[in-house]
2 protein chains.
Amino acid sequence: MASERKATADPARSLALLWRTREPTSRSAGPALSVDRIVRVAIDIADAEGLDALTMRRVGEALGVGTMSVYTYVPGKAELVAVMIDTAYGEMPRPAVDGDWRTRLERIARDNLALYQRHPWMLRAETTRPVLGPHLMAKYDYELGAIVDIGLTDVEVDAVLTLVLGHVKSAARAASEVVDLERETGMTDGQWWQSHAPWLETFLKPGAYPIASRVGTAAGEQHGAAYGPEYAFEFGLQRVLDGISVVVAERAADR
Amino acid sequence: MASERKATADPARSLALLWRTREPTSRSAGPALSVDRIVRVAIDIADAEGLDALTMRRVGEALGVGTMSVYTYVPGKAELVAVMIDTAYGEMPRPAVDGDWRTRLERIARDNLALYQRHPWMLRAETTRPVLGPHLMAKYDYELGAIVDIGLTDVEVDAVLTLVLGHVKSAARAASEVVDLERETGMTDGQWWQSHAPWLETFLKPGAYPIASRVGTAAGEQHGAAYGPEYAFEFGLQRVLDGISVVVAERAADR
DNA sequence: CGGCGCGGTCGTACGGCGTACGGCCGCGTT
DNA sequence: AACGCGGCCGTACGCCGTACGACCGCGCCG
C-alpha cells in the first residue's frame, strides 16, 4: 500500500470497526489490547510526529506488543486511519446553536480549523472512500442542523457546508505546510525565504513576473512572512460567508 | 521517505533543476537522458496510473535505463515531483484577459479545474515547500494580472486568488476521490453506496441523524449519486465570486 | 599519440514499510 | 482431561527510495 489508501473490499468489516460492533470477550480480564487503545496511541503518535511516523511497528511498540498483534483488532493501516479520523471528529464540541446563521457557520468554521490544528495529520490522510463512522455522521448532522433553516433547499444547504468546510481545510493545509516547513528545516518561514531569495534572483530576469513580484512582496511585508495563513483563512471565510448571504437574501426576497 | 516530502536541504540544486540551469554537454551526441525526458515519462505514468504507481524503478524502466541512472539528473523523488508540478502548470493556457473581472476569475477557476482533471496526481502531491519554478511563477503572475485592477489592495488581491484556487482544489479533490473510488472498486459511486447502505442501516438507530439522513438523501437523489462534485464546484464558485464582488463593490463605493 | 580524468550509467545492497502466514499458548468449555 | 479457539507474534516476502562504488568510453592535455 502506498499513501493510506486501500481497497478494503469488505464493507461489513470496516463499518463494524467504525461502529465498534463487537461482543465483549467473555474471558476473564479480557485481552490486553483493544481498538480504542490502539486508536488512542496511533492518534498520539500522529499528533506528535506526523503521519509519516505512524507505522504499524511503531504502534505495536508504543503499546508494548508485537507489530502483528495490532492486526488482531484492525484489518490494516487504512482502516486504522479511518477510525482515527472518525474518533478525532468525535472530539469536536457541539454546543446548542444560537445566534444568527452567519455566527453559527463562522463558529463551525473556527471549530473545524481548531480541530485540524490539533490534528494536522487529518489534512494529509487520504481516504478515497467516505469514512462512514458514527462521529462523522453526528458532526455532519450537527453542522447541517445549524443551517437547515436559512431558507435554502436541502441540496443547497449541503453545498454551503461543503463550501465552508472546504475553505477551512484549504486554509488549514496552507497553515500546516508552513509549520511543517519550519519543523523540517529548523528555519522560520521568513528565514527560509531569505535563504532562497538570492538564488531565485540569479535565475530571474529582472522585470520578469512584475505583478507577482510586487504582490508577493506586499503580501510578505504585510504578514511578516511570505504567506499569512491566518489572514488567508479570515479573508476567505468572510468572502465565503458574504457569498452565502447573497443567496440567502435572494431566497428571502423571493418568498 | 514517506509521501513525497523531503528535506532536500540544498536550495541551489533544487532551484537550478526547476529553472534548468545546465550547460549543454559538449560531448558529441549528448547523453541519452535528460531532465525533460524523465519528467515527461513521469507525468505520463502519474496521469495514467496515479502517484502511487510512480516509482523510480518504474521511471527507469519506461526510459529503458537502470533505476539509478535517473538520479544522475534528479536528486531524488521529491525534486522530480516538484519539477513535474512546475511543468504541468506550464501547460496552462494564458489567453489575453478580457471581459469583466468576474468572467476572468471564473475562467481562471475553470482552467485550473481542467488542469487538475488532466493531472489528478497534482492533488495528492504534497510538497511542504513552495515549488518556485518558472512556470508556477508565470502562472501566478498571469492570474494576478487578471485581477490586480479590481480596486483591492495587493494583499487582498493575493487573498482573492488564494481563495478561488483553494476552492478549485477542494472541489477537484472531491471529484477525484469519486473517480478513484470507481477505479478501485469497479463500482460506480451509486453502486458503492447501495452496497454499503444496508450495512450502515444495521448500525444506525432509526431516527438517529435525522437531518443528515434527509439532506444526504436529497443530495443523492438530486445528483444521481451520493455526491455531486460538479454541482459543488459550480455552487461554491458562484458563492465565492459573489463574496468577492461584495468587497469589490464596497471599495468602489468608498472611492 | 597515449594516458588520464570525468561524466554518464547502473548492479548491488541496505534499511524501512505493510502485511501474509503459521505456530504457540492459555483459557473456557465439554 | 481433552479440546478448540481467540489472542499473540516471529519470520519472511515483496515493495519502496536511495547510498555507494564500479565500469566504461569520450575529450583533453602532455
Side-chain angles (χ1 to χ4, degrees), chain A residues 1-10 13-14 22-38 42 45-46 49-82 84 124-126, chain B residues 1-10 13-14 22-38 42 45-46 49-82 84 124-126:
Chain A
M1 182 182 59
S3 307
E4 311 320 334
R5 326 178 45 236
K6 231 293 223 44
T8 304
D10 183 4
R13 176 87 199 265
S14 299
R22 176 197 262 308
E23 66 281 25
T25 319
S26 61
R27 298 279 252 293
S28 62
L33 249 41
S34 70
V35 174
D36 288 288
R37 289 229 303 141
I38 291 169
I45 293 169
E49 301 176 49
L51 252 198
D52 293 347
L54 181 73
T55 69
M56 298 304 267
R57 285 170 227 271
R58 186 75 197 283
V59 170
E61 197 179 309
L63 287 162
V65 303
T67 305
M68 294 311 292
S69 301
V70 178
Y71 285 88
T72 308
Y73 296 85
V74 160
K77 191 177 177 182
E79 290 82 357
L80 172 57
V81 171
M84 289 168 63
R124 299 200 186 276
E126 313 270 6
Chain B
M1 183 183 57
S3 308
E4 313 318 334
R5 327 176 47 236
K6 231 291 222 45
T8 303
D10 184 4
R13 176 87 199 264
S14 299
R22 177 195 262 309
E23 65 281 23
T25 318
S26 61
R27 298 280 252 293
S28 61
L33 249 42
S34 71
V35 174
D36 289 287
R37 290 229 303 139
I38 290 169
I45 293 169
E49 300 175 49
L51 252 199
D52 293 347
L54 182 72
T55 69
M56 298 304 267
R57 284 169 229 272
R58 187 74 198 284
V59 171
E61 198 179 307
L63 287 162
V65 302
T67 305
M68 294 311 292
S69 300
V70 178
Y71 285 89
T72 308
Y73 296 85
V74 159
K77 190 176 179 182
E79 291 82 359
L80 172 58
V81 172
M84 289 168 64
R124 299 201 185 277
E126 313 271 5

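Just so it is clear: chains get the letters A, B, ... in the order the sequence lines come, proteins before strands, and each one is counted from 1.
- Between B/Leu63 atom CG and C/dG8 atom P there is a gap of 16 Å when expressed in whole angstrom units.
- Rounded to whole angstrom, the span from the CG atom of A/Leu54 across to the C1' atom of C/dG18 amounts to 12 Å.
- Atom-to-atom, CZ of B/Arg58 to P of D/dC16 comes out at 10 Å; the value is rounded to the nearest Å.
- Rounded to whole angstrom, the span from the CG atom of B/Leu80 across to the P atom of D/dC16 amounts to 15 Å.
- Between B/Glu79 and B/Arg13, no side-chain nitrogen of the basic residue sits less than 4.0 Å from a carboxylate oxygen of the acidic one, so the salt-bridge criterion is not met.
- Atom CG in B/Leu51 sits roughly 17 Å away from atom C1' in D/dC15 (whole-Å rounding).
- B/Leu33 places none of its side-chain heavy atoms less than 4.5 Å from the side chain of B/Thr72.
- Taking CE of B/Met56 as the start and OG1 of B/Thr67 as the end, the distance is 8.5 Å to the nearest 0.5 Å.
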Could you list the protein-to-nucleotides 9-16 of chain C atom pairs, N/O on both sides, closer than 3.5 Å?
{"unit_1": "C/dT9", "atom_1": "OP1", "unit_2": "B/Ala32", "atom_2": "N", "d": "3.2"}
{"unit_1": "C/dT9", "atom_1": "OP2", "unit_2": "B/Tyr73", "atom_2": "OH", "d": "3.0"}
{"unit_1": "C/dC10", "atom_1": "OP2", "unit_2": "B/Gly66", "atom_2": "N", "d": "3.0"}
{"unit_1": "C/dC10", "atom_1": "OP2", "unit_2": "B/Ser69", "atom_2": "OG", "d": "2.9"}

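- The CD1-P distance, from B/Ile45 to D/dC16, rounds to 11 Å in whole Å.
- At least one donor-acceptor pair closer than 3.5 Å links the side chain of A/Arg37 to the backbone N or O of A/Ala32.
- A distance of 8.5 Å separates CD of A/Glu61 from CD1 of A/Ile45, quoted to the nearest 0.5 Å.
- Atom CE of B/Met56 is separated from atom P of D/dT18 by 6 Å (rounded to the nearest Å).
- Between A/Glu61 atom CD and D/dG10 atom P the separation is 12 Å, expressed in whole Å.
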Worked verdict on A/Leu80 versus A/Met84 for side chain to side chain contact (heavy atoms under 4.5 Å, CB included): CA-CA 6 Å; A/Leu80 172 57; A/Met84 289 168 63; 4.0 Å; yes

